[in-house]
2 protein chains.
Amino acid sequence: MSDRGGRRSAAESAESTPRYLQIKQAVLEQIRSGVWRPGDPVPGDAEVARRFGCARMTAHRALRELADEGVIERRRRAGSRVALRTTRSLLVDVPRIDLEIEATGAEYGYRLLARSLGRTTHSARARLRLGPDGRTLWLLCLHLADQRPYQLEERWIDLAAAPAAEHESFRDIGPNRWLLEHVPFVGAEHLIRAEAASRRAARHLEVEPGAPLLVLERRTFREQRVVTWVRLAHPGARYVLRTASGEHG
Amino acid sequence: MSDRGGRRSAAESAESTPRYLQIKQAVLEQIRSGVWRPGDPVPGDAEVARRFGCARMTAHRALRELADEGVIERRRRAGSRVALRTTRSLLVDVPRIDLEIEATGAEYGYRLLARSLGRTTHSARARLRLGPDGRTLWLLCLHLADQRPYQLEERWIDLAAAPAAEHESFRDIGPNRWLLEHVPFVGAEHLIRAEAASRRAARHLEVEPGAPLLVLERRTFREQRVVTWVRLAHPGARYVLRTASGEHG
DNA sequence: GAGTGGTCTAGACCACTTT
DNA sequence: AAGTGGTCTAGACCACTCA
């Protein structure tokens with residue numbers, strides 16, 4: 001009588017694909033093939049439920065997910081339409097550095113280059129939204145893949161937000177991994193830019209000064225406070241960011 | 001008797017926030033505050049439904065969305081746990097160039113620098129997955145903000161996938177906008193890298209040769225076929241990519 | 001005012017995984 | 001074998017918005 005829940009006739013679907021996914025795929029197919037173009041109306045909950053012979057909730061879930069993904073736009077009374085996609089959003093994966101390197105089969109290496117308490121620059125203070133009495137820990141680290149420089153990490157940690165960091169040497173464990181394990185759950189804000197390598201960065205990354213670097217800056221939040229700010233620099237010639245799988249066109 | 005559907009006692013929630021969102025927020029709060037740490041068990045559908053006095057479907061939706069967002073991990077029989085977040089996924093906004101520039105208050109400008117039929121390089125052929133007889137249109141365009149170079153766009157279009165492009169001059173409309181309006185719906189694949197400016201790119205972007213450029217490459221698909229491949233280069237000193245709003249930490 | 005989407009329920013069956 | 005998540009239903013009420 002049914003294949004995975006509810007009541008569905010066997011004739012309607014020999015597949016085990018959930019009904020709401022079948023609906024999503026059918027709608028996407030209409031859009032992909034160009035039958036329904038941007039701005040065109042899309043059948044609503046009731047119509048889809050009727051066509052597919054399912055409950056409105058099932059049709060609704062399919063259409064709601066398509067709306068969440070930006071494929072269609074839904075408005076009460078006005079109905080649903082194929083979205084006018086003016087912006088593309090792009091889901092980029094930023095894995096933990098050691099796992100990323102080991103995933104390629106290379107050997108991961110880590111070196112702490114410098115560690116300093118209290119030497120807080122003015123700009124770091126601003127980026128951390130630090131008060132005048134705020135204390136920070138500053139770290140400079142190098143991550144290596146098969147003994148070659150892979151990423152230069154410069155980091156500030158607000159010691160009020162993560163006090164335990166003061167007593168951690170960071171000689172054997174990278175700050176990223178340490179923070180992931182010691183700061184529970186956080187939001188983040190990222191910038192991606194291209195920069196010319198400074199003399200210091202060039203020396204550590206073993207590139208020419210002025211060489212292009214792909215730089216990722218991240219501010220990490222916990223309850224409105226900036227816990228840490230980090231700058232991750234990669235030699236441009238050896239590194240790319242890729243979109244995660246899935247359709248985010 | 002209820003405030004937005006179903007049956008809910010007024011005492012339970014004077015707010016108009018949907019029940020499933022209240023549940024999501026409550027779970028997130030436990031995780032954010034560190035009460036539930038990565039790897040810790042999270043109450044399942046039935047338990048949440050009991051605690052919040054709602055139907056299991058409502059609890060299920062909240063937990064399912066948290067799982068979709070990567071906050072928790074769910075496994076049958078084993079139950080739900082706070083996710084061990086080893087990778088960060090990062091949602092980057094790539095708006096349509098003209099809207100992006102005009103949003104800053106600057107005047108948008110566009111210039112077609114070159115247009116060529118059939119001059120398909122070997123590497124372009126490979127990137128487009130083109131057969132030996134495939135024909136392409138090649139374009140080089142410059143996008144300006146207040147008369148200053150902002151983005152250099154180099155593009156190949158597979159004429160078999162978008163035949164109408166052959167008869168479009170692209171002198172007055174950018175290929176991005178044209179394609180958005182003429183190719184219905186597509187998937188895409190992105191690369192982000194830092195590169196040193198070639199002589200040609202430097203001349204057009206008015207930077208020194210070798211200056212760092214932030215380069216975004218995009219392959220756009222329609223039904224398994226590559227419709228177009230584009231390389232968007234920005235002067236590193238004047239451009240950053242930002243994450244879209246929301247928590248993707 | 002009427003139609004559309006948004007949410008909720010109570011119950012149901014199934015699939016998967018661990019015990 | 002049992003417990004958990006995954007899906008589905010039929011019905012319901014509400015909110016928003018357009019005509």
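Proteins come first, then strands; the chains are lettered A, B, ... in the order of their sequence lines, and each starts at number 1. The analysis underlying the following values was restricted to heavy atoms, covering all of them including side chains, and did not include hydrogens, waters or symmetry mates.
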Open item on the list: OP1 or OP2 of C/dG6 versus the side-chain N and O atoms of A/R74: is any pair under 4.0 Å?
Closed with: yes
Task: Residue met sooner reading DNA chain C from 5', once A/A78 and B/L21 are mapped to nucleotides - done: A/A78
Open item on the list: So, OP1 or OP2 of C/dG5: does either fall under 4.0 Å of a side-chain N or O from A/H60?
Closed with: no
Open item on the list: Check the orientation of B/W229 and B/W156. Use parallel for under 30°, tilted for 30 to 60°, and perpendicular for over 60°.
Closed with: tilted
Task: B/R222/B/D158 ion pair, N-O < 4.0 Å - done: no
Task: Atom-to-atom span, CZ of A/R19 to P of D/dT9 - whole angstrom - done: 6 Å
Task: Nearest-angstrom distance from the residue atom CZ of A/R56 to P of D/dT9 - done: 13 Å
Open item on the list: Among C/dC8, D/dC18, D/dG3, which nucleotide has an atom closest to any side-chain atom of B/R77?
Closed with: D/dG3
Open item on the list: Which label fits B/Y110 and B/H143: parallel for a plane angle under 30°, tilted from 30 to 60°, or perpendicular past 60°?
Closed with: tilted
Task: Between P of C/dT7 and CD of B/Q22, the distance in whole Å - done: 12 Å
Task: salt bridge (charged side-chain N to carboxylate O under 4.0 Å, His left out) partners of A/E102, counting only residues at least two apart - done: none
Sequence neighbours left out, cut at 3.5 Å: what donor-acceptor pairs do the side chains of residues 34-41 of chain A make with other protein atoms?
{"from": "A/R37", "atom 1": "NH2", "to": "B/E181", "atom 2": "O", "distance (Å)": "3.3"}
{"from": "A/D40", "atom 1": "OD2", "to": "A/R37", "atom 2": "N", "distance (Å)": "2.8"}

Open item on the list: Quick check on DNA chain D: between B/V42 and A/A55, whose nearest nucleotide comes earlier from the 5' end?
Closed with: B/V42
Open item on the list: If I take atom CD1 in residue A/I72 and atom C1' in nucleotide C/dT4, what distance separates them, rounded to the nearest angstrom?
Closed with: 13 Å
TODO: Compare side-chain N and O positions of B/Y20 against OP1 and OP2 of C/dT7 and report whether any pair is under 4.0 Å apart.
DONE: yes
TODO: Please state whether the phosphate of C/dT7, meaning OP1 or OP2, lies under 4.0 angstrom from any side-chain nitrogen or oxygen of B/R61.
DONE: yes
Open item on the list: Tell me whether the side-chain N/O atoms of B/S16 come closer than 4.0 Å to OP1 or OP2 in D/dA15.
Closed with: no
- [ ] Check the distance between D/dA10's P and A/R50's CZ and give it to me in whole angstrom.
- [x] 16 Å
Open item on the list: Between P on D/dA10 and CG on A/D45, what's the gap in Å once rounded to a whole number?
Closed with: 15 Å
Open item on the list: Tell me the interatomic distance from A/M57, atom CE, to C/dG11, atom P, rounded to whole angstroms.
Closed with: 17 Å
- [ ] Starting at atom CZ of A/R76, determine the distance to atom C1' of D/dC13, rounded to an integer number of angstrom.
- [x] 12 Å
Open item on the list: Categorize B/R75 for me: base, sugar-phosphate, or nothing, with a 4.0 angstrom heavy-atom threshold over every strand shown.
Closed with: sugar-phosphate
Open item on the list: Any side-chain N or O of B/T58 below 4.0 angstrom from OP1/OP2 of C/dT9?
Closed with: yes
